[in-house]
Asks: 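Encoded as structure tokens, here's the structure I'll be asking about.
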Amino acid sequence: METWRLVDIEYSNDPFMNLAVEEAIPRMVGERKAPTTVRFWHNSNTIVIGCFQSAKLEVNMEACKETGTKIVRRFTGGGAVYHDSGNLNYAISLPKGHRLVPDQNLQSVFQKLSEGTVEGLRKLGVRAEFQPVNDIQVDGKKVSGAAGSIRWNSVFHHGCILVNSDLSILGRVLNVPRVKLEDRHVASVQKRVTTVRDELGRDISTSEVRDAIVGGIETCYGVRVESGVLMKEEVGLAEELYQTKYSLLEWNLEP
Amino acid sequence: MDRSSDYKALGGKLVRVRLKEEKGLIQSVKITGDFFLVPEESLVKLEKMLEDAPLREQELRLLVDRFFQATRAQGLGVSSDDFVKAILLARGES
């Protein structure tokens, strides 16, 4: 049976380093220096914007200052998301050509690599469903959003799951253009998202959700997930990416 | 003259265009949004290709189609047609 590496490395107070590690892993997987990897991690109080987004347009800078929210740009497309300690992030890095995603189609990648998360959430009792393009929803409300890329000779998919996040801050720090909300018939971003806690009607930790997703991944993909650590070369690459990219205002806030 | 548009693509993603226009020609253009485009670096190429292009549908459509053919870029939540419509919306017509 195929074995995937599981890493829980995180810098919860340094979102810039978190994103540097996020990029280092698929690069090393693509070079075949690291094995297929699943990573779980948290950020505290951070907006993560998509690589094509304008920070100035998408983010309420004043609200970020008031709430101490940091802003970091990721290397994948998609929309802005708010991360706090109640938000669980997961990332899957596969070598290009992997049997699960043979056709290099980004929509298929999102669908296939969301299946483990959907299965994990269902095991917990959440009626989760994948909703194209890149969401996992419960009764029409988004509980998780995903993004990904096919590059560096790897296939990469990551997502964030609202486990017990503070949705009131989310509504303040993100600017959602009116045109974006029109067809959803809801007045705010806060009303079109939900949390695992709210769906279950009980308190739940991100570690319980993590364990369920690990189980979901093993079931859906027929793999064994084993705890591991980052290699020295991966850590070195992450530190380099931190210095040259993710810690820089030019990367995070321009345009 | 500065022009802008926020255009919602058929797939639900947002394409936001900010461009400078002079006598019907695009001087510079910045395309942002929550769409997916692989390879990601290709968007800069599209912006570059659009410089000095007339703000007219036929020419824009040819350019954007040529971009997708030349780069083999893969859009998700956004299509060639969406980019054209977003740019035309910035001019004041869709």
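Residue numbers begin at 1 in each chain, while the letters A, B, ... track the order of the sequences.
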Asks: Which atoms of B:L43 come close to chain A, meaning under 4.5 Å heavy atom to heavy atom: side chain ones, backbone ones, both, or neither?
Replies: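 Contact with chain A involves the side chain of B:L43 alone.
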Asks: Among A:L57, A:V133, A:I49, which residue forms the greatest number of heavy-atom pairs with chain B at distances under 4.5 Å?
Replies: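 Sorted descending by pairs with chain B, the first entry is A:L57.
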Asks: Would you say the side chain of A:N134 lies within less than 4.5 Å of the side chain of B:K13, judging by non-hydrogen atoms?
Replies: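 They are in contact (side-chain heavy atoms under 4.5 Å apart), so the answer is yes.
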Asks: State whether the number of non-hydrogen atoms from other residues, nucleotides or ligands found under 6.0 Å of A:R32 atom CZ is greater than 12.
Replies: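 It does: A:R32 CZ has more than 12 such atoms within range.
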Asks: How many angstroms lie between atom OG of A:S54 and atom NZ of B:K30, to the nearest 0.5 angstrom?
Replies: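 One gets 9.0 Å once the value is rounded to the nearest 0.5 Å.
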Asks: Strictly distance-based, threshold 3.5 Å: is any side-chain N or O of B:Q74 a donor or acceptor partner for the main-chain N or O of A:Q104?
Replies: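 At least one qualifying donor-acceptor pair exists.
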Asks: Any salt bridge linking A:E58 with B:R16? Criterion: basic side-chain nitrogen under 4.0 Å from a carboxylate oxygen.
Replies: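 Between B:R16 and A:E58 there is a salt bridge, with a charged N closer than 4.0 Å to a carboxylate O.
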Asks: Is atom CZ of B:R72 surrounded by more than 12 heavy atoms (other residues, nucleotides or ligands) closer than 6.0 Å?
Replies: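 No.
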Asks: Hey, does B:D34 have a side-chain heavy atom less than 4.5 Å from the side chain of A:F52?
Replies: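 Side-chain contact under 4.5 Å: no.
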Asks: What is the minimum heavy-atom distance between A:L106 and B:V38, and which atoms define it?
Replies: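 Heavy atoms only, the tightest pair is CD2-CG2, 3.6 Å.
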Asks: Could you tell me which portion of A:A147 (side chain, backbone, both or neither) has an atom closer than 4.5 angstrom to a non-hydrogen atom of chain B?
Replies: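 Both parts, heavy atoms under 4.5 Å.
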Asks: Quick check: are there more than 12 heavy atoms from other residues, nucleotides or ligands sitting under 6.0 Å from CG of B:L62?
Replies: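 For B:L62, atom CG is crowded (more than 12 foreign heavy atoms under 6.0 Å).
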Asks: Would you mind reporting whether B:P39 and A:R151 have side-chain heavy atoms less than 4.5 Å apart?
Replies: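 Result no, sub-4.5 Å side-chain heavy-atom pair not found.
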Asks: Please report the closest heavy-atom contact between B:E40 and A:G148, naming both atoms and the distance.
Replies: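 For B:E40 versus A:G148, the nearest heavy atoms are OE2-O, 4.1 Å.
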Asks: Does the ring center of B:F36 lie less than 6.0 Å from the ring center of A:F110?
Replies: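 B:F36 vs A:F110: aromatic centres under 6.0 Å.
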Asks: I need the minimum non-hydrogen distance between B:L76 and A:Q107, along with the two atoms involved.
Replies: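 B:L76 and A:Q107 have their closest heavy atoms at CD1-OE1, 3.4 Å.
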Asks: Does atom NZ (A:K56) have a neighbourhood of more than 12 heavy atoms from anything else shown, all under 6.0 Å?
Replies: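 Enclosed: over 12 neighbouring heavy atoms sit under 6.0 Å from NZ of A:K56.
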